[in-house]
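Report on the following structure.
In each ligand, atom 1 is the first atom listed, and ligand 1 is the first ligand listed. Heavy atoms only: backbone and side chains are in, while hydrogens, waters and symmetry mates are out.
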Amino acid sequence: MSIVELKQVEKKYQNVHALHALDLSLNSGEVFGLFGHNGAGKTTVIKLILGLIEASGGQISVFGENPTHASAQQIRSKLGFLQENVSFYDHLTGLEVLEYFAELKGIAKKQCADLLAQVGLTLASKRRVRTYSKGMRQRLGLAQALLGKPKLLLLDEPTVGLDPIATREFYQSIDQLKKEGCSVVLCSHVLPGVEKYIDRALILGKGQQLAAGSIKELREQADLPATLQLHGVSTECIKEQLVKSTAPPQLAGLQKNIHSNSDGSVSLDVAMADRMDGIRYLSQLTQLQNLDVHLPSLEDLYGHFIANHLSHIGKPEVAL
Ligand code: ATP
């Protein structure tokens, strides 16, 4: 059974059509990335899953229940939620804030100290939240979301305000939760570094699904080239090689796709399917010192699908 299932879900707010026929399914122990521009509908999806708002059409099930029904009360204890721009009672200490939420959730307070340790806030646990930096508040928000070992974690922009090390540690803790069987929906604008932690992604544009699948599937759908970055050779050197030794037919367009980089290296774009042929062919260059292969990143894929969408519908009016 899917942990979360959205079938042809529509959401209209007065005159804003926020979601159009959205399908989404989340399996146990899966980390699902939900990406989109401002106002694309990400927070709306999270609110629907939490049962905070009702869909205007379609079906939603969370742990097999309609989240807005009274009978869904018992699934709430399995959910953890970290909202965007988290805010707390500033005059309480970090520990007091967490104990307060533990009480609301009906969870033993004794796990609070461990959770604060898990998010690196032990030393600050007895300081008032008003003295916390933005990143520390975000960590406290994550500890709050992890109260009671949720089976489904909904994270809206969780790494905003976290420095690169804290961001990496955050994703490592998500990885650990996933290993323990927790399912995660993650909305983020901060794409670098995310891709190795997500199993599947959905890219939203103005409430519509633009693409969905694993990174591998998104790469196949986008059909963007791989980039081969060559060190130690010049553009001229590659052009000479193309004259000396004929490239295989699938690399015929190579010459048109050569770029010089500011660090002196040279990049060539080749179709993903032909990258191994490209590597073999270019490895014949005698001056070649190193060759790096760059596959389209999540950021490249996101940019591709959004740009495609915008070229059809025009720039969205964001967050109206
Ligand atoms: P962001 O990345 O900026 O947080 P988002 O992808 O989370 O954006 P949503 O907050 O889901 O986007 O909003 C989707 C659309 O629905 C936007 O056009 C927004 O203005 C609109 N919207 C959201 N909540 C309401 C509301 N309560 N009333 C009217 N319109 C709303």
Side-chain angles (χ1 to χ4, degrees), residues 4-26 31-60 62 67-68 79-87 134-135 137-138 141-142 144-145 152-162 167 170-171 174 183-195 197-198 200-213 218 298-310 312-320:
V4 175
E5 184 101 49
L6 269 67
K7 283 191 187 150
Q8 296 290 295
V9 168
E10 301 277 335
K11 179 64 193 172
K12 291 177 189 156
Y13 298 103
Q14 293 99 35
N15 53 353
V16 179
H17 198 157
L19 293 177
H20 303 259
L22 191 71
D23 290 323
L24 182 161
S25 83
L26 175 71
V31 180
F32 192 92
L34 195 55
F35 306 115
H37 56 77
N38 290 124
K42 306 177 295 293
T43 306
T44 299
V45 172
I46 292 212
K47 285 183 180 167
L48 288 166
I49 295 172
L50 285 168
L52 297 176
I53 53 174
E54 276 207 65
S56 316
Q59 284 148 24
I60 302 178
V62 180
T68 56
L79 303 184
F81 171 45
L82 174 59
Q83 67 178 36
E84 198 179 355
N85 302 321
V86 65
S87 64
K134 197 172 174 197
R137 285 165 195 256
Q138 202 65 12
L142 179 63
Q144 171 277 127
L152 171 61
L153 198 52
L154 302 161
L155 305 169
D156 200 353
E157 298 294 348
T159 55
V160 168
L162 296 187
T167 300
F170 166 81
Y171 283 120
I174 295 298
S183 308
V184 182
V185 178
L186 170 84
C187 297
S188 185
H189 287 121
V190 190
L191 303 182
V194 175
E195 67 190 61
Y197 297 106
I198 55 171
R200 283 189 300 132
L202 189 152
I203 299 174
L204 272 179
K206 248 192 156 185
Q208 284 172 4
Q209 177 185 310
L210 305 183
L218 293 177
L298 179 61
E299 244 177 317
D300 298 328
L301 296 165
Y302 175 83
H304 166 82
F305 289 114
I306 292 282
N308 245 358
H309 178 61
L310 297 187
H312 286 107
I313 58 128
K315 199 169 187 272
E317 286 186 42
V318 292
L320 292 168

Worksheet item: Would Gly41 count as a contact of ligand 1 if the rule is a heavy atom under 4.0 Å away?
Response: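 The answer is yes, since Gly41 has a heavy atom less than 4.0 Å from ligand 1.
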
Worksheet item: Should His37 be listed as contacting ligand 1, given a heavy-atom distance under 4.0 Å as the test?
Response: yes

By number and element, which atoms of ligand 1 are closer than 4.0 Å to a non-hydrogen atom of [X]?
X: Gln14; value: 28 (N), 29 (C)
X: Ala18; value: 15 (C), 16 (O)
X: Thr44; value: 9 (P), 11 (O), 13 (O), 14 (C)
X: Ala40; value: 5 (P), 6 (O), 12 (O)
X: Asn38; value: 1 (P), 2 (O), 3 (O), 8 (O)

Are the side chain of [X] and the backbone N or O of [Y] linked by a donor-acceptor pair below 3.5 Å?
X: Ser56; Y: Lys12; result: yes
X: Gln144; Y: Phe81; result: yes
X: Gln59; Y: Gln8; result: no
X: His304; Y: Ile306; result: no
X: Tyr171; Y: Ile198; result: no

Worksheet item: For ligand 1, is there an N or O atom under 3.5 Å from any N or O atom of Lys47?
Response: no

Practice prompt. Say whether Thr43, considering both its backbone and side-chain N or O atoms, lies within less than 3.5 Å of an N or O atom on ligand 1.
Written response: yes

Worksheet item: Hey, are the side chains of His20 and Lys206 touching, using non-hydrogen atoms and a 4.5 Å cut-off?
Response: no

Fill in: Note, Ile174 side chain near Tyr197 side chain (heavy atom, < 4.5 Å)
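Side chain of Ile174 against side chain of Tyr197, heavy atoms only: no contact under 4.5 Å found.
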
Practice prompt. With heavy atoms under 4.0 Å as the rule, classify the contact between Val16 and ligand 1 as side chain, backbone, both or neither.
Written response: side chain

Worksheet, complete the sentence: The option among Gly36, Gly39, Gly207 carrying the non-hydrogen atom nearest to atom 1 (P) of ligand 1 is Gly39

Item to complete: Check Thr43, Val45, Leu34, Val185 against Asp156 for a side chain to side chain contact (heavy atoms under 4.5 Å, CB included) and give me the one that passes.
Response: Thr43

